[in-house]
Student: 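I have a structure here, written as structure tokens, and I will follow up with some questions on it.
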Amino acid sequence: MIARLHDKKTITMGPLVTNGIISENLNLFLAFIIGIGFGFVLEQSGFSSSRKLAGIFYGYDTVVLKVFFTGAITCMLGLLFFSLFGWIDLSLVYINPTYLTSAIVGGIIMGAGFIIGGYCPGTSFCGAAIGKLDGLIFVGGLFIGVLIFGLGYKLWEGLYMAKNLGSPKISSVLGLSDGIFALLLILAALAMFWAAEWAEKKFPREEY
Amino acid sequence: MTDTKEIKKTKYLNPYVGGVLLGLVLLSANFIAGRGLGASGAIKSVVVTTMTTVAPSSAANSGFVKEFRQSHEGNPMKTWLVFEMLGVLVGGFLSGAVAGRLKLKVEHSPKITSRKRLILALTGGVLFGFGSQLGRGCTSGAALSGMAVLSLGGFITMMAIFGTAFALAYFFRKNWI
């Protein structure tokens, strides 16, 4: 009985593409559909407005924090439960590798880009999609920035490849189970949401 | 005060509802394709295509192009992220159409000119584009998707992005408030 259940699991398990359940072309089509959902949700949440996005850094609008953390936690819990139910093989899900130096330096440069430009890549596409010219120009800037990285690759290859730690999970690094880490992250997020609601009351502003 | 707040809540989707929906989109990407969402990777495809089209011989020797080729065979535009980002443009447009937000404009604080806003947007874009390559992904690919699969790097990049933006916020406040 157990063996049969196990067999059934391995047949119906995600990820669908990696397990050969759907074809590569269908995967690309579904990427387009998923993208539509991604863009729609971002725009509906107000991520097409740079002034709304920048609000998180001044406390007048904390939508970025709320949507971002709720999104990450929803997916994280979904994956943990899917794995528990045997619906997905987490060992086949891509875990972003950790190159310590470039993760930090890249993040710092992106943070500067965020406060100066008011967008991140995904949201600038959303802004451009509804006619925000600043969003469109930001997308142009992205192209130039990636091109500079590509053309000067040799100059920063050392930095880019430094301190490769493989693909560790933050839970294992901290010596916690995935479930306990998830619980702590949810509690931290709830504390941040509480602070965010407080900040929005303290620094009220008309919405953009 | 209460009135303003009520108007505020009706303009956009409730952020927690938006977050759950975003999480479900991200979950479906992981369930279907075994990978998270992204944005800057699509730009990388465009840049690789541009480099190989404009200067094929130097592109062939470029470490950047080689690194991309290791994980992407065939046409660099036929990637998951390129199709996903085309979807983002369509999804964003549809949402804007439904909400009546389709309008050509430069959004900026009344304290700065449109011209200054566009220069800042371009500068920010260049920095974000460069940083996203160094950091192996942007807010979507590295931070959001990385956090959802508990990647250590995802959390580090997220903290570096938001920490830096918070730290610099004071110096750029006139552009926003």
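All values below come from the heavy atoms of this structure, side chains included, with hydrogens, waters and symmetry mates left out. Sequence lines set the chain letters: A, B, ... in the order given, protein chains first and strands last, and positions in each chain run from 1.
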Student: Going by atom types only, do A:Ser102 and B:Arg136 share a side-chain donor-acceptor pair under 3.5 Å?
Tutor: yes
Student: Identify which part of B:Phe155 has an atom lying under 4.5 Å from any heavy atom of chain A, answering side chain, backbone, both or neither.
Tutor: side chain
Student: Can you tell me which of A:Val146, A:Val93, A:Leu133 forms the most heavy-atom pairs within a distance under 4.5 Å of chain B?
Tutor: A:Val146
Student: Short question: side chain of B:Ser132, backbone of B:Cys138 - any donor-acceptor pair under 3.5 Å?
Tutor: no
Student: Top residue by heavy-atom pair count (under 4.5 Å) with chain A, among B:Gly96, B:Gly135, B:Ser151?
Tutor: B:Ser151
Student: Sort A:Ile22 into side chain, backbone, both or neither according to what part of it lies under 4.5 angstrom from a heavy atom of chain B.
Tutor: side chain
Student: Test your reading of the model: is there a side-chain donor-acceptor pair from B:Glu84 to the backbone of B:Gly38, 3.5 Å cut-off?
Tutor: yes
Student: Let's test your reading of the structure: which of A:Gly118, A:Ser171, A:Cys120 forms the most heavy-atom pairs below 4.5 Å with chain B?
Tutor: A:Cys120
Student: If you count heavy-atom pairs under 4.5 Å between each of B:Met147, B:Met159, B:Arg35 and chain A, which one has the most?
Tutor: B:Met147
Student: Relative to chain A, which segment of B:Leu37 carries a heavy atom at a distance below 4.5 Å: side chain, backbone, both, or neither?
Tutor: side chain
Student: Using non-hydrogen atoms only, which part of A:Phe47 is less than 4.5 Å away from chain B: side chain, backbone, both, or neither?
Tutor: neither
Student: Answer with yes or no whether the side chains of B:His108 and B:Ser114 bring together a donor and an acceptor at under 3.5 Å.
Tutor: yes
Student: Can any side-chain N or O of B:Lys111 pair as donor or acceptor with the backbone N or O of B:Ile177 at less than 3.5 Å?
Tutor: yes
Student: Side chain, backbone, both or neither: which part of A:Ser50 has an atom under 4.5 Å from a heavy atom of chain B?
Tutor: both
Student: Can you tell which of B:Thr157, B:Val126, B:Leu22 has the highest number of heavy-atom pairs within less than 4.5 Å of chain A?
Tutor: B:Val126
Student: For B:Phe64 and A:Tyr153, take the angle between the two ring planes, folded into 0 to 90°, and tell me which bin it lands in: parallel under 30, tilted 30 to 60, perpendicular over 60.
Tutor: tilted
Student: I'd like to verify something: which residue of A:Ile73, A:Thr98, A:Asn96 has the highest number of heavy-atom pairs under 4.5 Å with chain B?
Tutor: A:Asn96
Student: Considering only heavy atoms, which portion of A:Val41 lies under 4.5 Å from any heavy atom of chain B: side chain, backbone, both, or neither?
Tutor: side chain
Student: Is chain B contacted by the side chain of A:Tyr58, its backbone, both, or neither, given a heavy-atom distance below 4.5 Å?
Tutor: side chain
Student: With distance as the sole test, does B:Ser145 use its side chain to make a donor-acceptor pair with the main-chain N or O of B:Ser140 at under 3.5 Å?
Tutor: yes
Student: What I'd like to find out is whether the side chain of A:Ile95 reaches to under 4.5 Å of the side chain of B:Leu150, using heavy atoms alone.
Tutor: no
Student: Among B:Phe93, B:Phe162, B:Phe68, B:Trp80, which residue has the highest count of heavy-atom pairs closer than 4.5 Å to chain A?
Tutor: B:Trp80
Student: Please find out if less than 6.0 Å separates the ring center of A:Phe149 from that of A:Tyr160.
Tutor: yes
Student: Is there a donor-acceptor contact under 3.5 Å from the side chain of B:Ser95 to the main chain of B:Gly91?
Tutor: no
Student: Under 6.0 Å between ring centres: does that hold for A:Tyr119 and A:Phe114?
Tutor: no
Student: Charged N to carboxylate O below 4.0 Å: is that the case for A:Lys66 and A:Glu197?
Tutor: yes
Student: Heavy-atom distances under 4.5 Å only: say whether A:Ser49 touches chain B with side chain, backbone, both or neither.
Tutor: both
Student: Does the side chain of B:Val106 reach to within under 4.5 Å of the side chain of A:Lys132, using non-hydrogen atoms?
Tutor: no
Student: Does the side-chain contact (heavy atoms from CB on, under 4.5 Å) test come out yes or no for B:Thr79 and B:Phe83, once each step is laid out?
Tutor: CA-CA 7 Å; B:Thr79 65; B:Phe83 281 81; 5.9 Å; no
Student: Name the region of A:Glu157, side chain, backbone, both or neither, that has any atom closer than 4.5 Å to a heavy atom of chain B.
Tutor: neither
Student: Would you confirm whether A:Asn19, through its side chain, and A:Met13, through its main-chain N or O, come within 3.5 Å as a donor-acceptor pair?
Tutor: yes
Student: For the interface with chain B, which of A:Gly55, A:Gly152, A:Ser48, A:Gly46 has the highest count of heavy-atom pairs at distances below 4.5 Å?
Tutor: A:Gly46
Student: Check whether A:Phe82 gets within reach of chain B through its side chain, its backbone, both or neither, counting any heavy atom under 4.5 Å.
Tutor: side chain
Student: Taking every heavy-atom pair that is under 4.5 Å apart, which of B:Asn175, B:Leu118, B:Val48 has the most such pairs with chain A?
Tutor: B:Leu118
Student: Measure the CD1-CD1 distance between A:Ile109 and A:Ile104 for me, rounded to the nearest 0.5 Å.
Tutor: 12.5 Å
Student: What part of A:Ala54 is in contact with chain B, defined as an atom under 4.5 angstrom from a non-hydrogen atom: side chain, backbone, both or neither?
Tutor: side chain
Student: Is a donor on one side and an acceptor on the other found under 3.5 Å between the side chain of B:Thr123 and the backbone of B:Ile119?
Tutor: yes
Student: Quick check for you: among A:Asn27, A:Leu26, A:Leu90, which has the greatest number of heavy-atom pairs under 4.5 Å with chain B?
Tutor: A:Asn27
Student: Report the option among B:Gly137, B:Ser109, B:Gly18 that has the most heavy-atom pairs separated by less than 4.5 Å from atoms of chain A.
Tutor: B:Ser109
Student: Which atoms of A:Leu79 come close to chain B, meaning under 4.5 Å heavy atom to heavy atom: side chain ones, backbone ones, both, or neither?
Tutor: both
Student: B:Ala59 versus chain A, heavy atoms under 4.5 Å apart: side chain, backbone, both or neither?
Tutor: neither
Student: What residues of residues 184-196 of chain A sit under 4.5 Å from chain B when only non-hydrogen atoms are counted?
Tutor: A:Leu185, A:Phe193
Student: Do A:Arg205 and A:Glu200 meet the salt-bridge criterion of a basic N to acidic O distance under 4.0 Å?
Tutor: no
Student: Using non-hydrogen atoms only, which part of A:Lys169 is less than 4.5 Å away from chain B: side chain, backbone, both, or neither?
Tutor: both
Student: Can you tell me which portion of A:Asp178 sits under 4.5 Å from chain B's heavy atoms? Options are side chain, backbone, both or neither.
Tutor: both
Student: Side chain from CB out, backbone as N, CA, C, O: work out which of these in A:Leu136 comes under 4.5 Å of a heavy atom of chain B, or both, or neither.
Tutor: neither
Student: A:Glu24, A:Lys154, A:Arg51: which one forms the most heavy-atom pairs within less than 4.5 Å of chain B?
Tutor: A:Arg51
Student: If the threshold is 4.0 Å, N to carboxylate O, is there a salt bridge linking A:Glu207 and A:Lys52?
Tutor: yes
Student: Between A:Val173 and chain B, which part of the residue has a heavy atom less than 4.5 Å away: side chain, backbone, both or neither?
Tutor: side chain
Student: Where the side chain of B:Ser28 meets the backbone of B:Val25, is there a donor-acceptor pair that is under 3.5 Å apart?
Tutor: yes
